[in-house]
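Worksheet: one structure, shown below.
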Amino acid sequence: MKVIFMGTPDFSVPVLEALATHHDVICVYTQPPRPAGRGNKLVSSPVQQAAERLNIPVRTPVSLRKGNATQEFQDLQADVAIVCAYGLILPQGVLDAPKMGCINVHASLLPRWRGAAPIQRAIEAGDTQSGVTIMQMDAGLDTGDMLLKGVVPIDENTTAQVLHDALSKQGAELIIKVLENMPEPIKQPETGITYAEKIQKTEALIDWSLPAQQIKNKIMAFNPYPAAYFMLNGERIKVFNAQVEEIEINAAAGEVLDNTLLIACGNNTALRLTQLQREGKKRMSASDLLKGFELKKGSTI
RNA sequence: CGCGGGGUAGAGCAGUCCGGUAGCUUGCCAGGCUCAUAACCUGGAGGUCGUGAGGUUCAAAUCCCACCCCCGCAA
């Protein structure tokens, strides 16, 4: 099958790789290289790097609406286009161009968590499961008919990174299945629709007045990026892992309850911080952090 | 040339400004003590202070030069 792949971040790479081994990927669309990281050097997207490794032609239009981008897309005469976290709106002329249309790999169990940050929002909301939905694209935001779903459980150890990797892997498997044997499209339910707003850095500051479980969910959802944090002596300290402590406490939110980073949260709950990172330092366990860093019982963060 | 922090015993840090061969916490080993407390006490091992048969100096972890690696911010 002649396939066009459209994607940008790490998440999309396994999907591209799977397609490349099973089909004829004739062209890859991805976001253009952007200044990133220390030094602001121009960095091409993970998908572009993978495509170059696979010797697949790459296109990096800034928009598909401008110029003759749509025409050039149509000229490829593909059988299908697979879209996975591409980052650009596809005009109708693009959606209709391939014989089988455009098929999207989305990292949630639709219609829950349509939109930009489904992985993080699922964990943050305390969902017990997430998954991948393969769907036929239409003009709406993740509103197309569903072709195949796969479920991935979320437990107390599931970080966004872990879920990201699991969903990415599963997306790669499912897209191959769909192309092998096209399932009947199913309309998305009218109920249970939620939207996964893009993650803002301002959300990452921990509010200790919230219940411990909610804070824990945010910590897991924001690991590794942008990482939940609190401020101490003007220093930003990121928290990458924590454990809800099953005890009744009576202390002001943010109070340090012992010498091993048990912190008072809202509703008389408590959270034990277990993995943190100081500015300029590596991520480390609470016990390591405390060997060279004073944060004693009774103080408040 | 985007801004900035850091590389010192297994681990986490101090010491660097005001040069004089290294210290704290923890871990480890040995012994003791304890109902219990990340328990406590005593003794011990463990470091070419990122690299350079570099520069300065009587003397460099500390000052100068070059390079390598890690990380934070911003994007």
Side-chain angles (χ1 to χ4, degrees), chain A residues 7-13 30-49 58 60-63 85-89 115-117 119-120 159-162 164 197-207 212 215-216 218-251 254-265 269-301:
Chain A
T8 298
D10 284 323
F11 184 84
S12 318
V13 172
T30 189
Q31 295 275 327
R34 299 241 159 74
R38 293 173 205 111
N40 280 327
K41 288 191 264 293
L42 220 52
V43 177
S44 52
S45 77
V47 162
Q48 177 164 358
Q49 293 176 35
V58 176
T60 60
V62 174
S63 163
Y86 177 36
L88 284 186
I89 306 283
I119 298 173
Q120 291 91 326
T159 62
Q161 181 75 62
V162 168
H164 167 281
E197 297 293 320
K198 194 176 165 190
I199 302 288
Q200 304 291 331
K201 278 184 189 170
T202 50
E203 299 176 61
L205 180 61
I206 295 174
D207 176 0
I215 297 175
K216 150 100 178 175
K218 175 170 280 190
I219 289 168
M220 301 308 274
F222 283 30
N223 172 345
Y225 181 85
Y229 70 94
F230 61 92
M231 298 299 293
L232 188 67
N233 303 328
E235 180 180 4
R236 180 195 307 233
I237 300 180
K238 293 181 174 181
V239 185
F240 287 96
N241 216 324
Q243 214 60 47
V244 176
E245 205 82 353
E246 300 297 338
I247 53 167
E248 274 275 308
I249 57 110
N250 186 12
E255 186 175 327
V256 181
L257 297 170
D258 66 6
N259 288 333
T260 56
L261 288 187
L262 183 66
I263 312 297
C265 302
T269 59
L271 189 66
R272 188 177 299 288
L273 311 183
T274 55
Q275 192 179 51
L276 332 256
Q277 182 177 30
R278 293 178 62 184
E279 290 178 3
K281 301 291 185 180
K282 288 182 185 169
R283 218 190 272 197
M284 63 185 79
S285 67
S287 57
D288 279 348
L289 180 90
L290 291 170
K291 280 168 190 165
F293 188 74
E294 288 263 305
L295 191 50
K296 291 227 183 278
K297 178 178 178 178
S299 54
T300 302
I301 61 177

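First the proteins, then the strands, lettered A, B, ... as listed; each starts at 1. From a predicted model like this one, the values you see are computed outputs, not experimental measurements. The basis for the numbers below is simple: all heavy atoms, side chains too, and nothing from hydrogens, waters or symmetry mates.
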Would A:L295 and A:L261 satisfy side-chain contact (heavy atoms from CB on, under 4.5 Å), going step by step from the backbone distance to the final call? CA-CA 8 Å; A:L295 191 50; A:L261 288 187; 3.3 Å; yes

Whole-Å P distance, B:G46 and B:U37: 32 Å

Using the C1' atoms only, state how far B:C28 lies from B:G6, rounded to an integer number of Å. 27 Å

Residues which pass side-chain contact (heavy atoms from CB on, under 4.5 Å) with A:P61, listed by chain and number, not counting sequence neighbours: A:Y29, A:R59, A:L64, A:Y86

Which pairs, with at least one residue in residues 233-247 of chain A and sequence neighbours excluded, count as a side-chain hydrogen bond (donor to acceptor under 3.5 Å, both in side chains)? A:E156-A:Q243, A:E235-A:R278, A:E245-A:R272

With a strict under 4.0 Å distance from non-hydrogen atoms of chain A, what nucleotide opens and what nucleotide closes the contacted stretch of RNA chain B, reading 5' to 3'? B:G2 to B:A75

In whole angstrom, give me the gap between the P atoms of B:U16 and B:G32. 42 Å

Side-chain polar contacts of residues 219-230 of chain A - donor-acceptor pairs under 3.5 angstrom, sequence neighbours left out - could you list them?
residue : atom : partner : partner atom : Å
A:N223  : ND2  : A:F240  : O            : 2.8

Under the side-chain contact (heavy atoms from CB on, under 4.5 Å) test, which residues partner A:I89, sequence neighbours left out? A:R65

Pairwise P distance, B:U21 and B:C49 [rounded to whole Å]: 14 Å

Expected output is a numbered-order residue list: members of residues 289-301 of chain A with a heavy atom under 4.0 Å from any atom of RNA chain B. What is it? A:L289, A:K291, A:G292

Show your working on side-chain contact (heavy atoms from CB on, under 4.5 Å) between A:T269 and A:V244 and close with a plain yes or no. CA-CA 8 Å; A:T269 59; A:V244 176; 5.7 Å; no

